[in-house]
Amino acid sequence: MVAIAYSVAFEGIEARLVEVQCSASPGLPGFAIVGLPDKTVSEARERVRAAFGALSIAMPNKKLTVNLSPADLPKEGSHFDLPIALAVLAALDIIPHEELSRCVCMGELALDGRLVGVAGALPAAMAAAEEERALICPASAGPEAAWVQSVPVIAAGSLRTVVDHLTERKPIAPAAPGVISRDAPAGCLSDVKGQERAKRALEIAAAGRHHLLMVGPPGAGKSMLASRLVGLMPPLTPAEALETSMIHSLAGTLRDGGISRHAPYCDPHHSASMAAIVGGGRSAQPGQISLAHNGVLFMDELPEFSRQVLETLRQPIETGEVVIARANRHVRYPCRFLLVAAANPCRCGHLADASRACARAPGCGEDYLGKISGPLMDRFDIRLEVPAVSFLELELPADGEPSTAVAARVTAAREIQRARFRDLPRLRANADASGAILDEIAAPDSAGRALILKASEKLGLTARGYHRILRTARTIADLEGSDKVLGPHLAEAISYRLPFVSGG
């Protein structure tokens with residue numbers, strides 16, 4: 001008789017159900033695992049043998065064949081250890097088949113039978129809920145998986161406790177969800193002295209999820225401003241928090257099973273590889289752009305990133321998802337992030353200071369910012385120069401608005417957008433609007449239309465740039481509580497599209 005356990009294989013943030021079939025037949029003793037297992041899954045044979053020895057369970061003098069079905073789906077990860085071990089135990093009639101068939105199992109086995117934590121418990125719990133089965137997972141993954149409250153989560157510390165639970169000798173109570181994690185405050189906007197125009201740009205960017213590029217000399221406060229942006233973002237909705245946490249679960253970055261309602265913030269170094277930024281590697285793991293989903297991705301020293309990385313960002317910025325292509329499959333990850341980029345005006349950073357600029361000025365600025373291609377530059381809704389702060393401004397007391405006051409206006413503007421796009425689930429913020437919907441919600445009045453047409457001629461705007469001005473103007477109007485996009489809203493939006501003095 002064939003014993004069947006269930007586990008999952010991950011394709012992006014989706015978990016596909018996998019049947020772990022085990023047959024114990026007469027023949028030469030052996031233990032084979034088939035069904036496109038990778039090296040980690042194949043090594044489960046030795047871990048299962050050692051764990052059985054720790055439980056004083058002898059391997060049978062039979063031919064054991066474990067098939068992972070569907071056989072054409074690649075199986076990766078050590079989380080197949082537990083379902084393989086349980087399928088073998090069911091084939092030996094040590095645990096009941098019926099109880100095992102009502103569960104989805106995942107977990108890595110230590111040589112002494114302990115269950116080691118694995119990544120992906122949250123997507124696995126979602127898959128178990130769809131199949132109306134319980135989830136058996138390591139104790140460390142229980143608080144994370146228990147956030148899917150429609151499925152009982154059995155968090156066990158060892159293979160022995162799982163066997164005792166399935167044989168009803170010592171049932172395990174379902175796990176409770178982890179505590180919502182409270183991230184450290186990102187700093188207050190009032191700490192930033194001067195830079196009032198940049199603070200206004202941060203507010204608009206947070207309100208409409210508009211991509212932002214800041215260019216200024218070293219020490220102007222670009223990184224400081226960017227780190228304050230996440231404090232202006234509204235709390236994630238329950239659906240957004242779950243979606244974001246599923247990505248972090250696959251990456252193994254959730255702490256103590258806690259799900260955060262705060263927008264994530266990622267700031268990769270400019271030397272990071274394309275696989276680290278976009279995603280990839282041997283098992284097609286999510287990259288920084290996916291870990292920043294529903295949050296902020298800060299790219300400091302933007303021209304220092306490799307040209308290949310920068311050009312790869314163009315499509316994910318537009319579509320909100322990234323596709324990692326492999327020879328035998330394609331993996332999709334969501335990546336709807338707010339991109340904040342910072343750059344110096346030239347390599348030395350002192351282009352605007354005649355006493356400190358190099359002899360190649362102003363051509364050095366054009367060469368440096370020229371590393372950012374025109375199509376990528378066009379994808380920034382807001383582009384502004386951040387000047388250096390004088391010593392007199394630094395000596396003044398901090399009297400700017402705190403982040404809480406600005407965040408309240410941002411949240412109110414986001415609520416207007418949620419109501420506006422209630423019947424359009426793919427649209428969440430003004431930055432997502434396009435086509436007929438954008439024409440409907442951001443149609444300017446006659447004076448505003450004349451202004452934007454004149455600006456289009458003077459600045460040589462592309463169609464994408466024209467539409468981005470309309471989106472930004474719609475957000476400015478939402479911040480003021482205006483139902484219509486008026487001339488002043490368009491004028492401010494146009495001011496954020498002016499070319500840099502350096503020629504970038």
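Fair warning: this is a prediction, and the values are worked out from it, not measured in the lab.
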Q.
Any donor-acceptor pair under 3.5 Å linking the side-chain atoms of Tyr333 with those of Gln285?
A. no

Q. Is Ile289 close to Phe337 at the side-chain level, that is, under 4.5 Å between some pair of heavy atoms?
A. yes

Q: Measure from the side-chain N and O atoms of His79 to the backbone N and O of Val8, and report whether any donor-acceptor pair falls under 3.5 Å.
A: yes

Q: Check for a donor-acceptor pair, side chain of Ser456 on one end and backbone N or O of Leu461 on the other, with a separation under 3.5 Å.
A: no

Q: Measure the shortest side-chain to side-chain distance between Met126 and Leu242 over non-hydrogen atoms and say whether it is less than 4.5 angstrom.
A: yes

Q: Without swapping roles, check the side chain of Lys222 against the backbone of Ala220 for a donor-acceptor pair under 3.5 Å.
A: no

Q | Expected output: side-chain Lys199 to main-chain Val192 donor-acceptor under 3.5 Å | A | yes

Q: Could you tell me whether Glu14 atom CD has more than 12 heavy atoms of other residues or ligands within 6.0 Å of it?
A: no

**Q.** side-chain contact (heavy atoms from CB on, under 4.5 Å), paired with Arg200, selected from Val406, Leu479, Ile382
**A.** Leu479

Q: Check whether any side-chain N or O of Arg332 sits under 3.5 Å from a backbone N or O of Val322 as a donor-acceptor pair, and report yes or no.
A: no

Q. Are any of the side-chain nitrogens in Glu311 or Arg314 under 4.0 Å away from the carboxylate oxygens of its partner?
A. yes

**Q.** Lys/Arg-Asp/Glu bridge criterion (N-O < 4.0 Å) met for Arg420, Asp478
**A.** yes

Q) Do the side chains of Lys75 and Ser7 get nearer than 4.5 Å, heavy atoms only? A) no

Q. Pro143 versus Pro177: any side-chain heavy-atom pair under 4.5 Å?
A. no

Q | Asp432 side chain to Arg428 backbone, donor-acceptor under 3.5 Å | A | yes

Q.
Ignoring hydrogens and geometry beyond distance, is a side-chain donor-acceptor pair present between His489 and Ser482 at under 3.5 Å?
A. no

Q) Do the side-chain N and O atoms of His293 and Glu243 include a donor-acceptor pair separated by under 3.5 angstrom? A) yes

Q: Report yes if some heavy atom in the side chain of Pro264 is under 4.5 Å from a heavy atom in the side chain of Leu291; otherwise report no.
A: no

Q | Arg383 vs Tyr496 side-chain heavy atoms within contact, under 4.5 Å | A | no

Q) Arg414 side chain to Ala206 main-chain N or O, any donor-acceptor pair under 3.5 Å? A) yes

(Q) Check Arg336 with Glu321, please: is the shortest side-chain N to carboxylate O separation under 4.0 Å? (A) no

Q) Does the pair Asp381/Arg497 count as a salt bridge with the N-to-O cut at 4.0 Å? A) no

Q: Mark yes when over 12 heavy atoms from residues, nucleotides or ligands other than Glu318 sit less than 6.0 Å from its CD; otherwise mark no.
A: yes

Q. Can any side-chain N or O of Arg474 pair as donor or acceptor with the backbone N or O of Ala442 at less than 3.5 Å?
A. no

Q) Relative to the ring of His211, is the ring of Phe380 parallel (under 30°), tilted (30 to 60°) or perpendicular (over 60°)? A) perpendicular

Q: Determine, stepwise, if the pair Ser403 / Leu232 fulfils side-chain contact (heavy atoms from CB on, under 4.5 Å).
A: CA-CA 6 Å; Ser403 293; Leu232 309 182; 4.0 Å; yes

Q | Validation row: Ile437, Phe421 side chains within 4.5 angstrom (heavy atoms) | A | yes

Q) Is it the case that Thr40 and Glu76 place a side-chain donor and acceptor less than 3.5 Å from each other? A) no

Q | Distance-only polar pair, side chains of Glu301 and His269, donor-acceptor under 3.5 Å | A | no

(Q) Quick test of your reading of the model: are Glu492 and Arg197 salt-bridged, counting only N-O distances below 4.0 Å? (A) no

Q | Stepwise side-chain contact (heavy atoms from CB on, under 4.5 Å) test for Thr244 and Ile259 | A | CA-CA 9 Å; Thr244 303; Ile259 289 181; over 6 Å; no

Q | Donor-acceptor under 3.5 Å (Glu203 side chain, Ala198 main chain) | A | no

Q: Mark yes or no for whether Thr312, through its side chain, and Gln308, through its backbone, hold a donor-acceptor pair below 3.5 Å.
A: yes

Q.
If you apply the rule side-chain contact (heavy atoms from CB on, under 4.5 Å), what do you find for Val485 with Ile441, and how did you get there?
A. CA-CA 8 Å; Val485 174; Ile441 66 174; over 6 Å; no

Q: For residues Asn344 and Pro217, report the shortest heavy-atom separation together with the two atoms involved.
A: OD1-C, 4.0 Å

Q: Starting from the C-alpha separation in whole Å, work towards a yes-or-no answer on side-chain contact (heavy atoms from CB on, under 4.5 Å) for Cys137 and Ile154.
A: CA-CA 6 Å; Cys137 64; Ile154 307 302; over 6 Å; no

(Q) Are Val340 and Leu338 packed together at the side-chain level, in the sense that at least one heavy-atom pair is separated by less than 4.5 angstrom? (A) yes

